[in-house]
Amino acid sequence: IFRSRKHCRVKGNSMLPTLNEGDLLIYKPFIYKEDYLHEGLIVVVKHPQEKGQLIVKRISKVKPSSIEILGDNIEFSFDSRHLGAIKQINIEGIVESVIS
């Protein structure tokens, strides 16, 4: 099945050195129970506390119905250490390409 792709721009430095502020991310929309999630995958998720905001992080742990996410720049990342686990239903997409 063909799924259209979406895009977003990186804001902040929580994913340095992998992603830089201003990078354009191309991601495929996540389909629950169809897409395979694994540690190390970079995902776009709905911010659990700020409606309408997206955050980009790396999966650090996969649980049956949730994931734990961490930023690569651990010192400057707001992630599961602060937010707790993220429900898989809140995953917007899986990053496929980065355009610097």
Side-chain angles (χ1 to χ4, degrees):
I1 296 174
F2 175 77
R3 287 185 256 171
S4 60
R5 299 310 191 242
K6 294 187 176 188
H7 67 278
C8 64
R9 227 170 252 290
V10 174
K11 189 174 178 183
N13 60 0
S14 70
M15 285 298 289
L16 287 172
T18 309
L19 303 174
N20 297 292
E21 182 152 10
D23 284 353
L24 182 66
L25 305 180
I26 308 298
Y27 64 93
K28 73 174 185 170
F30 175 71
I31 297 180
Y32 184 71
K33 294 194 175 188
E34 196 173 298
D35 287 320
Y36 173 70
L37 298 174
H38 57 86
E39 290 178 16
L41 201 60
I42 298 176
V43 291
V44 178
V45 299
K46 295 175 191 169
H47 195 298
Q49 297 173 343
E50 296 181 31
K51 195 172 178 98
Q53 288 283 87
L54 298 175
I55 53 178
V56 178
K57 304 291 179 199
R58 190 178 299 277
I59 295 176
S60 62
K61 189 171 187 178
V62 178
K63 298 178 179 184
S65 62
S66 65
I67 58 171
E68 290 183 12
I69 53 172
L70 289 174
D72 288 356
N73 190 0
I74 209 86
E75 205 175 314
F76 296 98
S77 181
F78 190 73
D79 48 41
S80 285
R81 294 170 299 152
H82 312 92
L83 302 167
I86 305 292
K87 293 180 181 176
Q88 287 188 20
I89 199 132
N90 289 325
I91 301 171
E92 278 289 304
I94 299 168
V95 175
E96 293 184 320
S97 300
V98 180
I99 302 169
S100 297

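In this chain, numbering begins with 1 at the start of the sequence shown. Values below: every heavy atom of this structure, side chains too, minus hydrogens, waters and symmetry copies.
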Original post:
Same hydrophobic cluster for Val56 and Leu54, using side-chain heavy-atom links shorter than 4.5 Å among ILVMFWY?
Top reply: yes
Original post:
Does His7 NE2 have over 12 foreign heavy atoms under 6.0 Å away?
Top reply: no
Original post:
Are the side chains of Ile26 and Val95 in touch, meaning some heavy atoms are under 4.5 Å apart?
Top reply: no
Subject >> Hphob cluster co-occupancy, Phe78 + Val45, side-chain heavy atoms under 4.5 angstrom >> reply: yes
Subject >> Side-chain (Ser77) to main-chain (Gly71) donor-acceptor, under 3.5 angstrom >> reply: yes
Subject >> Donor-acceptor under 3.5 Å (Asp35 side chain, Ile31 main chain) >> reply: yes
Original post:
Do other residues, nucleotides or ligands put more than 12 heavy atoms under 6.0 Å from the CD atom of Gln49?
Top reply: yes
Original post:
Distance from Asp72 atom CG to Ile42 atom CD1, nearest 0.5 Å?
Top reply: 6.0 Å
Subject >> Residue pair Glu21, Lys11: steps toward the salt bridge (Lys or Arg N to Asp or Glu O under 4.0 Å) verdict >> reply: CA-CA 5 Å; Glu21 182 152 10; Lys11 189 174 178 183; over 6 Å; no
Subject >> side chain to side chain contact (heavy atoms under 4.5 Å, CB included) partner of Leu41, the single match among Ile67, Ile59, Ile91, Ile69 >> reply: Ile59
Subject >> Common cluster, Leu70/Leu83, ILVMFWY with side-chain heavy-atom separation under 4.5 Å >> reply: no
Subject >> Side chain Ser60, main chain Glu68, donor-acceptor under 3.5 Å >> reply: yes
Original post:
Within the distance-only criterion (no hydrogens, no angle test), does the side chain of Arg81 pair as donor or acceptor with the backbone N or O of Ile74 below 3.5 angstrom?
Top reply: yes
Original post:
Any side-chain heavy-atom pair from Lys87 and Ser65 closer than 4.5 angstrom?
Top reply: no
**OP:** Please check if Ile94 and Ile86 belong to a single hydrophobic cluster, counting links between Ile, Leu, Val, Met, Phe, Trp and Tyr side chain heavy atoms closer than 4.5 Å.
**Re:** yes
**OP:** Nearest 0.5 Å please: distance from the CG atom of Asn90 over to the NE2 atom of His47.
**Re:** 11.5 Å
Original post:
Where does the angle between the aromatic ring planes of Phe30 and Tyr32 fall among parallel (under 30°), tilted (30 to 60°) and perpendicular (over 60°)?
Top reply: perpendicular
Original post:
In Å, rounded to the nearest 0.5 Å, how long is the span from CD of Glu50 to CD1 of Ile55?
Top reply: 9.0 Å
Original post:
Under 3.5 Å, is there a donor-acceptor pair between the side chain of Asn73 and the main chain of Asn13?
Top reply: yes
Original post:
When clusters are formed by joining ILVMFWY residues with side-chain heavy atoms under 4.5 Å apart, either directly or through shared neighbours, do Val43 and Val62 land in the same one?
Top reply: yes
**OP:** Hey, could you give me the CZ/CG distance between Arg9 and Leu19, rounded to the nearest 0.5 Å?
**Re:** 12.5 Å
**OP:** Taking only Lys NZ, Arg NE, NH1 and NH2, and the carboxylate oxygens of Asp or Glu, determine whether Lys61 and Glu39 approach each other closer than 4.0 Å.
**Re:** no
Subject >> Donor-acceptor pair, side chain of Arg58 and main chain of Gly40, under 3.5 angstrom >> reply: yes
